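Encoded as structure tokens, the structure appears first; notes follow it.
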Amino acid sequence: MSTVLVLNSGSSSLKYQLVDPGSGEALAGGMVERIGEESGRVAHETRGEEMVREQPVADHGAALRLVLGLFAEAGPSLREAGIVAVGHRVVHGGTSFSAPVVVDDDVVAAVRALVPLAPLHNPANVTGIEVARELLDVPHVAVFDTAFFADLPPAAATYAIDARTAAEHGVRRYGFHGTSHQFVSSAVASHPAVAAKLSAEGRGPDTLRQVVLHLGNGASASAVAGGRAVETSMGLTPLEGLVMGTRSGDVDPGVVFHLVRSGGLSVDDVDTLLNKRSGLLGLSGVNDMRELTRLVRSGDDGARLALDVYLHRLRKYVGAYAAVLGGIDVLAFTAGVGENAAVVRAGVVEGLGFLGLAVDAALNEARSRGARVISPGPFRDADATAADRRSGGAAAAALPAAVPGTTPAPAGPAGTPLVMVVPTNEELAIARQTIALVG
Ligand SMILES: Nc1ncnc2c1ncn2[C@@H]1O[C@H](COP(=O)(O)OP(=O)(O)O)[C@@H](O)[C@H]1O
Ligand SMILES: CC(=O)OP(=O)(O)O
Ligand SMILES: [Mg+2]
């Protein structure tokens, strides 16, 4: 067996997974949280058993040493598991990287040079790579969040600001979460229900138009035409676009000038405000979608407004991307919120009936693993039908609606878009790209 250790180093966390790219199986995985804080925590899971430790973790070096210790103690042994490489998630690849690369000193220097464009993410990525190279004597591969979007059409990648200034400072739309958007859009394209739909319409896969919504703590949308990304909501940095857990997404840039000139905030203050104290957290006091929906159910007005702003932004993007694509065949939901929050999926689709989008309530609320169709109509897979039977009403209770309900468009046999839930697996995608390079 050949396995890849995948590392996703965040500013105060280290997520990891030992993956067999051949079978797709995760042999172990976990997360070190609150690195550099007074109280740290690590949870390591293997063979369905979780081992949790609460202890201070000084830095990313200490975090990785701790993780390697847990592999030795709780298994599996990295050597026996046949580790052949480490795959690193790197958030910003700038214009230097449009594909995975084997890490050497020059690559580390280039990732470090991109820190000003991703101050929240790239410093941790650099540290993670440096520490891992020291501790694990196997090839290391960097897989970039930006790569899938490296070839966006110029009209989508270009900001309408002075061209010379933009070029001088590398100002353009880069896009992020690309590993996830690529994984999900390709899972959509190879799904039997999608193949059946295209075949019924007499069309090839190169005509497939998808909108993918990656809704996690960070959130982004992409428009994918025939497998190629043609638009995405994150920009120069992962701050633009959708409303996120703690990030504002789109705001008028004038807000920044106003807060600096008249509000007495420094540029760093505004950076922190928009990245860490905005989004759902800024509007409602909580950034976790589970807590937010609980507050909405309890009648909390701030939470209701936060959810409405979140859903309004999503509907706006789906409509815009349908226009960019000249139509929509599949709307796919993924990541923590997209995969689990039926209420969010229903809330996005509500009001988009004019595009032919609709969800079947039972399918939407079924708890089911695996990629599945949740719209009504003929192109449903066996998995969805089974999920339908299993659901048995355990689904999320409907929330009080602020948006007037619209009647879903009747499901037509052909031409009607599918709404799907497609679990993302960035670790598997990184492991596969890593092994493809060094295997
Ligand atoms: N069962 C659930 N219902 C609603 N939201 C959920 C559920 N499980 C996870 N989430 C939400 O998913 C988000 C985290 O998504 P995730 O993709 O893990 O984020 P990230 O990788 O960016 O840390 C959180 O807002 C969390 O509330
Ligand atoms: C790029 C980005 O926003 O990543 P994350 O969602 O992991 O913060
Ligand atoms: Mg994520």
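In each ligand, atom 1 is the first atom listed, and ligand 1 is the first ligand listed. Bear in mind the structure is a predicted one, so any value in this text is a computation, not a measurement. Worth knowing before you read on, the calculation uses all heavy atoms, side chains too, and leaves out hydrogens, waters and symmetry mates.
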> Name the one of Leu325, Val224, Ile328 that satisfies side chain to side chain contact (heavy atoms under 4.5 Å, CB included) with Arg209?
Replying inline: Leu325
> Which heavy atom of the protein is the closest neighbour of atom 6 (O) of ligand 2, given with residue, atom name and distance?
Replying inline: His177 NE2, 2.8 Å
>> Looking only at distances, can you tell me whether any N or O atom of Asn217, backbone or side chain, sits closer than 3.5 Å to an N or O atom of ligand 2?
In response: no
> Does Asn364 use its side chain to pair, donor to acceptor, with the backbone of Ala342 at less than 3.5 Å?
Replying inline: yes
>> Which option wins on minimum heavy-atom distance to atom 7 (O) of ligand 2: Glu426, Arg89, Met234, Lys15?
In response: Arg89
>> Any carboxylate oxygen within less than 4.0 angstrom of a Lys/Arg side-chain nitrogen, looking at Asp105 and Arg133?
In response: yes
> Can Arg89 and Glu427 be counted as an ion pair, charged N to O under 4.0 angstrom?
Replying inline: no
> Touching ligand 2 at all, His214? Heavy atoms, strictly under 4.0 Å?
Replying inline: no
>> Regarding atom 20 (P) of ligand 1: of the candidates Asn217, Leu292, Leu215, Thr334, which has the closest heavy atom?
In response: Asn217
> With a cut-off of 4.0 Å, which atoms of ligand 2 are near a heavy atom of Asp145?
Replying inline: 1 (C)
> If you measure from atom 12 (O) of ligand 1 to every heavy atom of Gly10, Ser13, Gly336, Ala342, which option wins on shortest distance?
Replying inline: Gly336
>> Is it the case that ligand 1 has an N or O less than 3.5 angstrom from some N or O of Gly216?
In response: no
> Would you call Lys15 a ligand 1 contact, heavy-atom distance under 4.0 Å?
Replying inline: yes
>> Below 4.0 Å from ligand 1: does a non-hydrogen atom of Gly218 turn up there or not?
In response: yes
>> Pairs of nitrogen or oxygen atoms closer than 3.5 Å, one from His121 and one from ligand 2: do any exist?
In response: yes
>> If you apply the rule ring pair (Phe, Tyr, Trp, His ring centres under 6.0 Å), what do you find for Phe176 with His121, and how did you get there?
In response: CA-CA 11 Å; Phe176 301 89; His121 293 90; 7.4 Å; no
> When the ring planes of His140 and His88 are compared, do they come out parallel, tilted or perpendicular, using 30° and 60° as the limits?
Replying inline: parallel
> What is the closest protein heavy atom to atom 3 (O) of ligand 2, and at what distance does it sit?
Replying inline: Arg247 NH1, 2.8 Å
> So does Arg112 pair up with Glu130, basic N to acidic O under 4.0 Å?
Replying inline: yes
>> Run the ring pair (Phe, Tyr, Trp, His ring centres under 6.0 Å) test on Phe148 and His177 for me, step by step, so that the C-alpha distance in whole Å, both residues' side-chain angles and the decisive distance to 0.1 Å come before the verdict.
In response: CA-CA 9 Å; Phe148 185 51; His177 294 140; over 10 Å; no
>> I need the contact type for His92 against ligand 2. Using non-hydrogen atoms and a strict under-4.0 Å cut-off, is it side chain, backbone, both or neither?
In response: neither
>> Suppose I only count heavy atoms of Pro238 and a 4.0 Å limit; which atoms of ligand 2 are within that range?
In response: 1 (C), 3 (O)
> How long is the span from the CZ atom in Arg290 to the CG atom in Leu292, to the nearest 0.5 Å?
Replying inline: 12.0 Å
>> Using a plain distance cutoff, I'd like to know if Met289 has any nitrogen or oxygen under 3.5 Å from a nitrogen or oxygen of ligand 1.
In response: yes
